[in-house]
Number of protein chains: 2
Amino acid sequence: MTKLEKLIKILKSKGKRITENKEAILRILISTKNPIGIPDILNQLSYKNLLPNKTTVYREIYNLEKLNIIKKVFIDQENKLYELNSEDDHHHHIVCTICNKVAEFEPPIEIEESFKKFQKTLSKKNNFKITDHSFEFFGTCNNCNNK
Amino acid sequence: MTKLEKLIKILKSKGKRITENKEAILRILISTKNPIGIPDILNQLSYKNLLPNKTTVYREIYNLEKLNIIKKVFIDQENKLYELNSEDDHHHHIVCTICNKVAEFEPPIEIEESFKKFQKTLSKKNNFKITDHSFEFFGTCNNCNNK
DNA sequence: AAAAAGATAGCAACTATGTTGCAATTATAA
DNA sequence: TTATAATTGCAACATAGTTGCTATCTTTTT
C-alpha cells in the first residue's frame, strides 16, 4: 500500500471524502522533500491546473492537522510550514538562514533517549503534559558560505 | 551595571542613539518573561503612552536583531517572537499549545554536551556551518489539562 | 557656529497571510 | 428519497509586515 493509499484510507475511515483537491494536496505533501506552506501549496496546485479557493486549502490543511496527518514545523516564521507526521520517520531539520535550504537529519539514538528521560523530569517539574518537541539546527549551507 | 545600562552601552558603542522609544522597547524586552512579538510590544508601548509608528518599532527590532541583542524564538507561527540574546542564560521553552503559556528550562549539561558533539558530525555531513539550534517542548499545561 | 553625515521617525500605501460568515453544492448513509 | 454532513467558493475582513519618501533631530566635522 502506498503512502497515498494509506492516507486516503485513514481519511475515509474518519468519514472524509476524497476529492480532486484533497488528493492533490496529499500528493503534494507526500512528494515534497521539505516542509511546505500554504501559499506554496496553492502555487503547486495551480501548476496542476487546479485552482481551488485559498479558503478551501486553508481548511483542508486545518483538517489534516487536526487528524494528526500533518504537523507544523517550527523552522520559519514567515509562513506556517507543515510536513507529514509519519511515525516511522522521526526526523529534524537543518536550515540555511540565508537561502532557506532545508536538510533533514535523524538524531542518534543516545540523543533521542536522553530527550525522553529529560522530558519526564521536565514534565513533572513544570506540570506539563508534553506531547511533542522541536529540535532543529540553523546555519549557513555550503553554497551560501562560498558566495 | 543593570541589564538596561549594559544594552545602552552596547548600542551607544555602535553609534546608535538612545531615544525614548528605544529605551522603552529595551525595557519591555528586559522585563518580559516570555518571548514577545511586535504587535504585543506596540500594545505595551501604548500603555506607557508611547505611540510610535509601527514602522519605527519594526525597524528597531530589526536593528536589535542585526546587532545580536535579540533573537527569534521558534515556538509560534502566528507572530515573529523575540527574546534577549544573553550569553549567560542559555534557555529553551516549554509551550502550552492550548493557552500559549511558556515556561523556560535549562537543559542538563549532558544534553548540551551531546548536542555539541552531534552538531560537529552534522556540520561535516551536510556541509553546513551551524550557528544556532532550537530545542523546545510542546504540550499542555496543568491549567489546561484540568479544564 | 554652520554644515555635513547619518540616525530616527512618521505617514501612506501596499502586499501577503490568514480568517469568518454565508450560501450553494455534492456525496454518503439511513 | 431524504436527511445529514462534507466540501467548496466567494466576498469581506483582519492583521502582520514592508517600502518609499520625507522630515527631523543629533552628532561630528569643518
Side-chain angles (χ1 to χ4, degrees), chain A residues 7-28 35-46 48-67 69-82 100, chain B residues 7-29 35-46 48-67 69-82 97 100:
Chain A
L7 293 180
I8 288 178
K9 204 178 159 191
I10 294 172
L11 287 177
K12 282 191 174 166
S13 79
K14 303 277 183 180
K16 305 295 179 189
R17 296 169 196 162
I18 309 306
T19 60
E20 201 182 5
N21 284 332
K22 211 179 275 194
E23 189 174 323
I25 292 172
L26 288 177
R27 280 183 196 280
I28 289 170
I36 190 173
I38 292 178
D40 203 359
I41 292 176
L42 279 162
N43 274 335
Q44 293 202 32
L45 287 170
S46 75
K48 301 187 181 188
N49 282 318
L50 288 173
L51 298 164
N53 192 277
K54 61 176 174 174
T55 311
T56 302
V57 179
Y58 276 99
R59 272 190 291 233
E60 186 49 31
I61 292 296
Y62 174 82
N63 289 333
L64 291 174
E65 199 190 356
K66 284 204 90 175
L67 290 172
I69 288 174
I70 58 173
K71 63 175 178 184
K72 286 198 197 107
V73 178
F74 293 84
I75 53 173
D76 184 70
Q77 277 160 324
E78 312 306 315
N79 263 296
K80 294 189 189 178
L81 297 185
Y82 300 88
N100 285 317
Chain B
L7 292 179
I8 288 178
K9 203 177 158 192
I10 295 171
L11 287 177
K12 281 191 175 169
S13 79
K14 303 277 183 181
K16 305 295 179 187
R17 296 170 197 162
I18 309 306
T19 61
E20 201 182 5
N21 284 331
K22 211 178 276 193
E23 188 174 323
I25 292 172
L26 288 177
R27 280 182 196 278
I28 289 169
L29 286 165
I36 190 171
I38 292 178
D40 203 359
I41 292 176
L42 279 162
N43 275 334
Q44 293 202 31
L45 287 170
S46 75
K48 301 187 182 187
N49 283 318
L50 288 173
L51 298 163
N53 192 277
K54 60 177 176 173
T55 310
T56 303
V57 179
Y58 276 98
R59 271 192 290 234
E60 186 48 31
I61 292 296
Y62 175 83
N63 289 334
L64 291 174
E65 199 190 356
K66 284 204 91 178
L67 289 173
I69 289 175
I70 57 174
K71 63 175 177 184
K72 286 198 197 106
V73 178
F74 293 85
I75 53 172
D76 183 70
Q77 275 161 325
E78 312 305 315
N79 262 295
K80 294 190 188 176
L81 297 185
Y82 300 88
T97 52
N100 286 316

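Letters go in sequence order (proteins before strands), and every chain restarts at 1.
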Working to the nearest 0.5 Å, report the span between CD1 of A:I69 and CG of A:N63. 9.5 Å
B:N53 atom CG is separated from C:dA13 atom P, nearest whole Å, by 13 Å
Answer with base, sugar-phosphate or nothing: what part of the nucleic acid does B:K16 contact at a heavy-atom distance below 4.0 Å? sugar-phosphate
Side chain of A:T56 only, heavy atoms from C-beta on: which candidate in D:dT8, D:dT19, D:dA16 is closest? D:dT8
If every non-hydrogen atom of B:L81 is compared with every non-hydrogen atom of B:G37, which pair is closest and at what distance? CD2-N, 3.5 Å
Looking at B:E65 and B:K72, is there a salt bridge between them, counting it only when a charged N and a carboxylate O are closer than 4.0 Å? yes
With a 4.0 Å limit, can you tell me whether B:Y58 has a side-chain N or O closer than that to the phosphate oxygens OP1/OP2 of D:dG17? yes
When all nucleic acid strands are considered with a 4.0 Å heavy-atom cut-off, which category describes A:G37: base, sugar-phosphate, or nothing? nothing
Nearest whole angstrom, please: distance from the P of D:dA16 to the CG of B:D40. 10 Å
Within less than 4.0 Å of OP1 or OP2 of C:dT8, is there a side-chain N or O belonging to B:N21? no
Rounded to whole angstroms, how far apart are CD on A:E20 and P on D:dG9? 11 Å
If you find the nucleotide of DNA chain D closest to B:R17 and the one closest to B:K54, which residue's nucleotide is nearer the 5' end? B:K54
When rounded to the nearest 0.5 Å, the distance separating CG of A:L50 from CD of A:E20 is 5.0 Å
Between C:dT8, D:dG17, D:dT18, which nucleotide gets closest to the side-chain atoms of B:N79? D:dG17
Using whole Å, what does the distance between atom P of nucleotide D:dA6 and atom CG of A:N63 come to? 9 Å
Does B:K14 or B:T55 map to a spot on DNA chain C nearer the 5' end, using the closest nucleotide for each? B:K14
Any donor-acceptor pair, under 3.5 Å, between the side chain of A:R59 and the base of C:dG18, if you only look at N and O atoms? no
Contact class for B:K80 (heavy atom, under 4.0 Å): base, sugar-phosphate, or nothing? sugar-phosphate
To the nearest Å, how far apart are B:L42 CG and D:dG17 P? 10 Å
For a side-chain hydrogen bond (donor to acceptor under 3.5 Å, both in side chains) check, start with the C-alpha distance between B:N21 and B:T19, then their side-chain angles and the critical distance, and finish with the verdict. CA-CA 5 Å; B:N21 284 331; B:T19 61; 5.0 Å; no
Interatomic distance where OH belongs to B:Y62 and P belongs to C:dA9 [whole Å]: 17 Å
In whole angstroms, how far is the C1' atom of D:dA16 from the CD atom of B:Q77? 14 Å
Below 4.0 Å: OP1/OP2 of C:dA9 and any side-chain N or O of B:T19: yes
Let me know the distance between CD of A:E78 and C1' of D:dT18, rounded to the nearest Å. 11 Å
